[in-house]
Amino acid sequence: MNTLQFLMDGFSIAFQWQNILFAFVGVLIGTAVGVLPGIGPMSGVALLIPVTATLTAGLPTEAAAASSIILLAGVYYGAMYGGSTTSILLNTPGESSSVVTTLDGYQMAKQGRAGSALSIAAIGSFAAGIISLIGLVLLAEPLSNVALQFGPAEYFSLMLLGLAAVSGLAGKSMTKALMMTVFGLMLGTIGIDAVSGIARFTYDIPVLYSGLEFLTIAVGLFALGEVFKTVLERDHEDGTMAKIGRILPTRQDLKESAAPILRGSFLGFFIGVLPGAGATLASFFSYIGEKKFSKNPEQFGKGAIAGVAGPESANNAASGGAMIPLLTLGIPGSGTTAILMGALIMYNIQPGPLLFDDHPEVAWGLIASMFVGNLMLLILNMPLVKVFAKIIQTPKKYLLPIIIAISFFGVYAVQYTTFDLYLLLACGVLGYLLTKNDFPVAPLVLALVLGPMIENNMRRALTISNGEFSTFVTNPISLVLLLIAAAWLLIPLLLKLKGRSVVLNEEG
């Protein structure tokens with residue numbers, strides 16, 4: 001009953017006119033972000049943080065944080081849906097979790113069934129969104145209650161697990177992913193040390209005393225990095241777009257996709273809950289599973305509707321599942337949730353077990369708004385499929401200047417320093433060089449967010465135990481978390497040594 005009451009309170013926040021507007025704008029922009037190849041949810045969310053900060057400037061902190069996170073989460077799960085549009089119509093995934101959708105979605109489009117494929121993707125996304133939200137409501141309170149028993153040692157190990165999870169699965173090379181994690185941790189140490197008051201790595205530059213701003217680095221690496229990539233590599237790809245005929249699926253399509261949607265939703269949700277696993281992994285597993293379940297596996301890759309319904313449901317359910325470790329444990333399981341966590345911290349709201357006690361308005365308002373947002377996505381996407389298909393054809397010469405302008409104005413509006421604009425440019429160049437050389441950027445951002453918290457909890461744990469490092473292994477929960485973190489890093493390594501390929505993570 002308690003959870004139900006909190007959820008009702010959450011709906012009273014979600015139904016405030018400004019929050020309905022924020023949710024609508026979020027899912028609309030999110031769908032457009034997913035539809036435009038190359039931008040992806042991480043870039044979209046990073047780009048909009050300064051915009052939401054400006055829009056909510058006059059509101060009290062709690063209300064501003066709730067409205068901002070409602071819009072940013074809308075962009076996140078809207079983008080997870082939007083990626084299917086380009087996959088089906090252009091054979092170009094909007095983001096990496098939609099790669100699997102190209103296999104059968106584009107084949108369906110070539111057969112003149114583009115409308116059916118797009119509408120089944122929309123219905124699957126809606127069903128998956130609702131199933132993952134019910135799971136979020138049921139698990140949020142019990143999980144945060146368990147996490148309340150955690151002390152500094154457990155928190156240190158838990159955050160280490162979050163880092164290991166993303167580092168262990170992100171990118172093609174685990175070594176590169178670990179290098180990026182360490183680089184992120186190093187950047188997180190810049191500034192005045194909170195305990196001793198000593199300046200670290202500041203080189204007597206006053207602007208560095210407060211540390212590097214997460215927002216500037218995230219927008220630079222993702223949004224500007226993508227701009228540099230497009231300009232320098234002349235990445236003006238224009239695929240041939242399939243025609244959209246009938247929009248609504250046939251009764252046979254619905255019958256064939258009902259079971260894959262349910263299976264994909266549950267599988268995606270549980271994979272999403274695992275830190276670091278991500279939507280890409282969920283969609284791959286769902287596709288493999290549907291092929292195993294199918295009576296006609298030979299149809300996969302030739303336009304099987306189950307090959308669209310399962311993976312699309314899985315990647316949307318995974319984005320809902322990924323909210324659980326973020327909200328209840330303060331562990332972002334992917335690059336996008338790391339950016340969402342950074343946005344909350346900007347408002348002095350710490351995600352984790354105390355979030356539901358200290359800031360119920362933000363936590364339950366977000367959960368309730370996700371129900372509203374998923375309904376909006378379904379209502380928007382079924383009739384507007386042809387409109388979103390037109391967005392795909394936006395010329396890069398118009399799109400790139402808009403992204404650059406939002407990046408610069410947004411960062412300057414929040415930071416008011418020219419140093420941050422130079423840092424933004426530098427991070428844009430760095431983001432391009434890193435992705436060009438297959439260095440995953442998500443572990444860097446995650447390490448930058450988690451680094452200071454890992455350091456603070458380690459110090460607190462050592463203070464309590466009089467400097468005994470053994471406290472991290474004598475404490476049973478801490479030991480279990482450290483062992484899981486070690487396994488997360490070692491298992492992919494052992495698989496690679498045996499010559500197996502490891503499925504890659506990350507929303508692009």
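In what follows, every heavy atom counts, from backbone to side chain, and hydrogens, waters and symmetry copies are set aside.
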Notebook entry, point to check: After noting the C-alpha distance and the side-chain angles of Leu47 and Ile403, does the key distance pass the side chain to side chain contact (heavy atoms under 4.5 Å, CB included) rule?
Noted result: CA-CA 8 Å; Leu47 199 58; Ile403 293 175; 4.2 Å; yes
Margin query: Between Ser283 and Asn315, is the side chain to side chain donor-acceptor pair (under 3.5 Å) condition met? List the steps.
Written below: CA-CA 5 Å; Ser283 57; Asn315 83 35; 5.1 Å; no
State, yes or no, whether a side-chain contact exists between [X] and [Y] at a heavy-atom distance under 4.5 Å.
| X | Y | value |
| --- | --- | --- |
| Phe150 | Leu481 | yes |
| Val75 | Thr336 | no |
| Tyr287 | Leu103 | yes |
| Met341 | Met453 | yes |
| Ile339 | Met42 | yes |
| Leu4 | Val137 | no |
| Arg251 | Leu254 | no |
| Val25 | Ile29 | yes |

Next item on the list: Apply the test side chain to side chain contact (heavy atoms under 4.5 Å, CB included) to residues Ile331 and Leu326: give CA-CA distance (whole Å), side-chain angles for both, the deciding distance (0.1 Å), then the verdict.
Entry: CA-CA 5 Å; Ile331 288 290; Leu326 172 70; over 6 Å; no
Check: Do Glu312 and Thr101 have side-chain atoms, one donor and one acceptor, less than 3.5 Å apart?
Finding: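 Side-chain D/A pair, Glu312 to Thr101: present.
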Check: Is there a donor-acceptor contact under 3.5 Å linking the side chains of Gln252 and Glu256?
Finding: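 Note: Gln252 and Glu256 side chains meet the donor-acceptor criterion.
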Enter the distance from [X]:[atom1] to [Y]:[atom2] here, rounded to the nearest 0.5 Å.
| X | Y | atom1 | atom2 | result |
| --- | --- | --- | --- | --- |
| Tyr77 | Leu72 | OH | CG | 11.0 Å |
| Met174 | Thr181 | CE | OG1 | 9.5 Å |
| Ile123 | Leu118 | CD1 | CG | 11.0 Å |
| Lys255 | Ile305 | NZ | CD1 | 13.5 Å |
| Glu226 | Leu400 | CD | CG | 9.0 Å |
| Met159 | Leu163 | CE | CG | 9.5 Å |

Check: Do we get Lys229 above Tyr432's six-membered ring, with its NZ or CZ under 6.0 Å from the centre and within 45° of the axis?
Finding: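 Output no; distance or angle outside limits.
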[X]: side chain to side chain contact (heavy atoms under 4.5 Å, CB included) partners, not counting sequence neighbours:
| X | result |
| --- | --- |
| Lys291 | Pro297, Phe300 |
| Leu138 | Ile134 |
| Lys302 | none |

Item checked: Pairing residues for Phe22 by the ring pair (Phe, Tyr, Trp, His ring centres under 6.0 Å) criterion, not counting sequence neighbours ->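 Not a single residue meets the ring pair (Phe, Tyr, Trp, His ring centres under 6.0 Å) criterion with Phe22.
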Within the distance-only criterion (no hydrogens, no angle test), does the side chain of [X] pair as donor or acceptor with the backbone N or O of [Y] below 3.5 angstrom?
| X | Y | value |
| --- | --- | --- |
| Ser294 | Glu290 | no |
| Asn19 | Ala14 | no |
| Asp104 | Val308 | no |
| Arg263 | Ala258 | no |
| Ser286 | Ala282 | no |

Give the minimum heavy-atom separation between [X] and [Y], together with the two atoms involved.
| X | Y | result |
| --- | --- | --- |
| Asn316 | Ser125 | ND2-OG, 3.1 Å |
| Pro443 | Pro440 | CD-O, 3.5 Å |
| Pro311 | Ala306 | CD-O, 3.7 Å |
| Ala317 | Phe269 | CB-N, 3.6 Å |
| Ala127 | Ser265 | C-OG, 4.1 Å |
| Pro325 | Ala322 | CD-O, 3.5 Å |

Next item on the list: Quick one: which residue pairs count as a ring-ring contact (aromatic ring centres under 6.0 Å, His included) with a foot in residues 117-141, not counting sequence neighbours?
Entry: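 Non-adjacent pairs meeting ring-ring contact (aromatic ring centres under 6.0 Å, His included): zero.
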Note to self: Pair Met346, Ile49 - check side chain to side chain contact (heavy atoms under 4.5 Å, CB included), show working.
What the structure shows: CA-CA 10 Å; Met346 269 177 61; Ile49 292 175; 3.6 Å; yes
Item checked: Candidate pair Val219 and Leu224, rule side chain to side chain contact (heavy atoms under 4.5 Å, CB included), full reasoning -> CA-CA 7 Å; Val219 174; Leu224 275 194; 5.5 Å; no
Notebook entry, point to check: Knowing that exactly one of Leu48, Thr52, Val51 qualifies, which makes a side chain to side chain contact (heavy atoms under 4.5 Å, CB included) with Ser68?
Noted result: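 Going through Leu48, Thr52, Val51 one by one, the side chain to side chain contact (heavy atoms under 4.5 Å, CB included) with Ser68 is satisfied by Thr52 alone.
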Next item on the list: Applying side chain to side chain contact (heavy atoms under 4.5 Å, CB included) between Ile324 and each of Leu136, Thr337, Leu329, report the one that passes.
Entry: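 Exactly one candidate clears the test, Leu136.
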Distance-only criterion, 3.5 Å: show the donor-acceptor pairs between side-chain atoms of residues 359-379 and protein atoms not counting sequence neighbours.
residue, atom, partner, partner atom, Å
His359, ND1, Glu62, OE1, 3.0
His359, ND1, Glu62, OE2, 3.4
Ser369, OG, Leu366, O, 2.8
Asn374, ND2, Met370, O, 2.8

Check: Heavy-atom count around Phe266 CZ within 6.0 Å, excluding the residue itself: above 12?
Finding: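 Atom CZ in Phe266 is not crowded, with 12 or fewer foreign heavy atoms closer than 6.0 Å.
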